[in-house]
Amino acid sequence: MLLTVLSWLCSSLLVSVSGGKLPEAEVKIEVMYRPFICHRKSKYGDILLVHHEGYLENGTKFHDSRAEGDKQPVWFTLGIREVIKGWDKGLQDMCSGEKRKLVIPPALAYGKEGKGKIPPESTLTFIIEVLEIRNGPRSHESFQEMDLNDDWKLSKHEVKAYLRKEFERHGYPPNDTLHENMVEDIFAKEDENKDGFISSREFTYKHDEL
């Protein structure tokens with residue numbers, strides 16, 4: 001499964017000038033197609049299924065999910081840095097079936113290091129089609145599903161069990177390493193008092209950094 005394609009953390013561009021910060025780089029978004037009927041729009045915490053193509057500034061294609069690997073679309077959770085920051089920013093408020101073109105500056109992609117076929121300081125263009133949108137591990141509905149013992153708090157075991165169930169529901173084999181990484185990301189951001197559990201309030205609260 002290609003759930004971890006492009007799953008590397010990108011660093012924020014924080015440059016101080018006279019005590020202030022330069023504006024953060026932005027993603028250029030072009031809507032190439034949007035269906036007439038849209039039952040829901042993507043938000044942080046949703047799990048998205050996408051096909052995508054990636055291009056360098058000179059037009060060279062460096063990835064095509066329909067033509068490479070197992071040729072399957074990619075599942076990922078929006079807004080928890082599971083993908084590059086440009087995707088998290090550029091794929092909000094999308095409908096199932098919508099296609100966008102994202103032009104992502106280096107600061108929101110792979111920065112000074114680059115990655116594989118991608119040279120350092122590369123501005124990247126992606127053509128991304130959202131095939132499906134599911135409740136992710138941050139929605140209120142999902143909290144109720146995950147709270148197996150109805151104690152109004154979530155353990156890491158409960159969150160991981162939910163992720164495993166979602167993967168199996170979509171016909172993918174479980175991936176314990178990936179699930180554990182996702183759980184650690186979620187707890188790092190949501191477990192405010194660091195007691196090893198996520199309360200209903202902690203879980204559904206919208207953090208500014210997400």
Side-chain angles (χ1 to χ4, degrees), residues 1-12 39-52 63 65 69-94 96 110 115-116 128 130-210:
M1 178 179 179
L2 293 180
L3 194 63
T4 54
V5 171
L6 302 175
S7 297
W8 299 280
L9 296 178
C10 60
S11 57
S12 300
H39 296 291
R40 68 179 292 177
K41 292 186 177 181
S42 59
K43 64 183 184 303
Y44 281 171
D46 284 341
I47 298 177
L48 307 187
L49 178 66
V50 306
H51 263 307
H52 65 283
H63 187 75
S65 63
D70 59 8
K71 302 180 182 179
Q72 297 298 309
V74 178
W75 284 105
F76 71 95
T77 303
L78 186 66
I80 64 170
R81 307 286 182 91
E82 192 177 308
V83 291
I84 58 175
K85 196 171 183 179
W87 278 35
D88 279 341
K89 286 178 170 288
L91 300 182
Q92 298 178 62
D93 297 317
M94 287 188 73
S96 181
Y110 297 105
K115 186 72 179 183
I128 303 175
V130 172
L131 305 178
E132 189 173 348
I133 303 170
R134 292 276 185 174
N135 287 332
R138 293 178 185 271
S139 69
H140 178 69
E141 296 82 0
S142 295
F143 181 91
Q144 293 176 311
E145 283 187 58
M146 297 161 73
D147 187 15
L148 300 177
N149 58 2
D150 295 322
D151 63 354
W152 292 95
K153 61 183 180 181
L154 302 178
S155 66
K156 290 184 178 181
H157 171 75
E158 287 174 320
V159 176
K160 185 176 178 180
Y162 174 82
L163 293 174
R164 175 184 285 269
K165 183 178 69 173
E166 284 296 298
F167 273 54
E168 291 176 347
R169 179 161 66 174
H170 294 293
Y172 292 105
N175 184 328
D176 285 340
T177 299
L178 177 59
H179 297 168
E180 289 172 3
N181 289 339
M182 292 176 69
V183 168
E184 291 302 321
D185 283 340
I186 293 168
F187 270 74
K189 292 182 173 68
E190 303 290 352
D191 183 13
E192 294 177 354
N193 62 5
K194 305 304 178 186
D195 66 348
F197 293 92
I198 298 175
S199 68
S200 177
R201 188 198 68 80
E202 288 174 330
F203 190 82
T204 56
Y205 178 76
K206 182 177 180 180
H207 294 272
D208 292 337
E209 73 270 23
L210 297 182

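All figures in this text were calculated on a predicted structure; none of them were measured in a lab. Only heavy atoms go into these numbers, but all of them, side chains included; no hydrogens, no water, no symmetry mates.
In this structure, Asp93 contributes its side chain and Lys41 its backbone to no donor-acceptor pair below 3.5 Å. Of the possible donor and acceptor atoms, none in the side chain of Glu180 sits under 3.5 Å from a partner among the backbone N and O of Thr177. Ser65 places a side-chain N or O within donor-acceptor distance of the main-chain N or O of His52, the cut-off being under 3.5 Å. The main-chain N or O of Met94 is found under 3.5 Å from a side-chain atom of Ser42 such that the two form a donor-acceptor pair. Judged by distance alone, the side chain of Thr77 and the main-chain N or O of Gly45 form no donor-acceptor pair under 3.5 Å. Formation of a donor-acceptor pair under 3.5 Å by the Asp147 side chain with backbone atoms of Asp151 is found in this model.
Between Asn175 and Leu178, the closest heavy-atom pair is OD1-N, 3.0 Å. Closest heavy-atom contact between Asp176 and Lys160: OD1-CE, 3.8 Å. Contact record, His51 with Pro73: CE1-N, 3.4 Å, taken as the closest heavy-atom pair. Shortest non-hydrogen contact noted between Arg134 and Glu132 is NE-OE2, 2.5 Å.
Using a 4.5 Å heavy-atom cutoff, the side chains of Glu158 and Asn149 are in contact. Proximity of Asp46 to Lys43: side-chain heavy atoms (C-beta onward) are separated by under 4.5 Å at one or more points. At a threshold of 4.5 Å between non-hydrogen side-chain atoms, the residues Glu184 and Lys156 count as touching. For the pair Asp185 and Glu82, the minimum side-chain heavy-atom distance is 4.5 Å or more. For the pair Leu48 and Trp87, the minimum side-chain heavy-atom distance is 4.5 Å or more.
For the atom pair NZ (Lys153) and CZ (Phe197), the distance works out to 4.5 Å, reported to the nearest 0.5 Å. Of the inter-residue distances, the one linking Leu91 atom CG with Ile128 atom CD1 reads 4.5 Å to the nearest 0.5 angstrom. Distance check: Lys165 NZ to His179 NE2 gives 13.0 Å after rounding to the nearest 0.5 Å.
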* Assess whether side-chain contact (heavy atoms from CB on, under 4.5 Å) is satisfied between Val74 and Leu49, documenting all intermediate values. => CA-CA 5 Å; Val74 178; Leu49 178 66; 5.9 Å; no

* To do: Please step through side-chain contact (heavy atoms from CB on, under 4.5 Å) for the pair Val159 and Phe187, ending with a clear verdict.
  => CA-CA 10 Å; Val159 176; Phe187 270 74; 3.8 Å; yes

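No cation-pi contact links Lys115 to Tyr110, judged by a cut-off of 6.0 Å to the six-membered ring centre and 45° from its axis.
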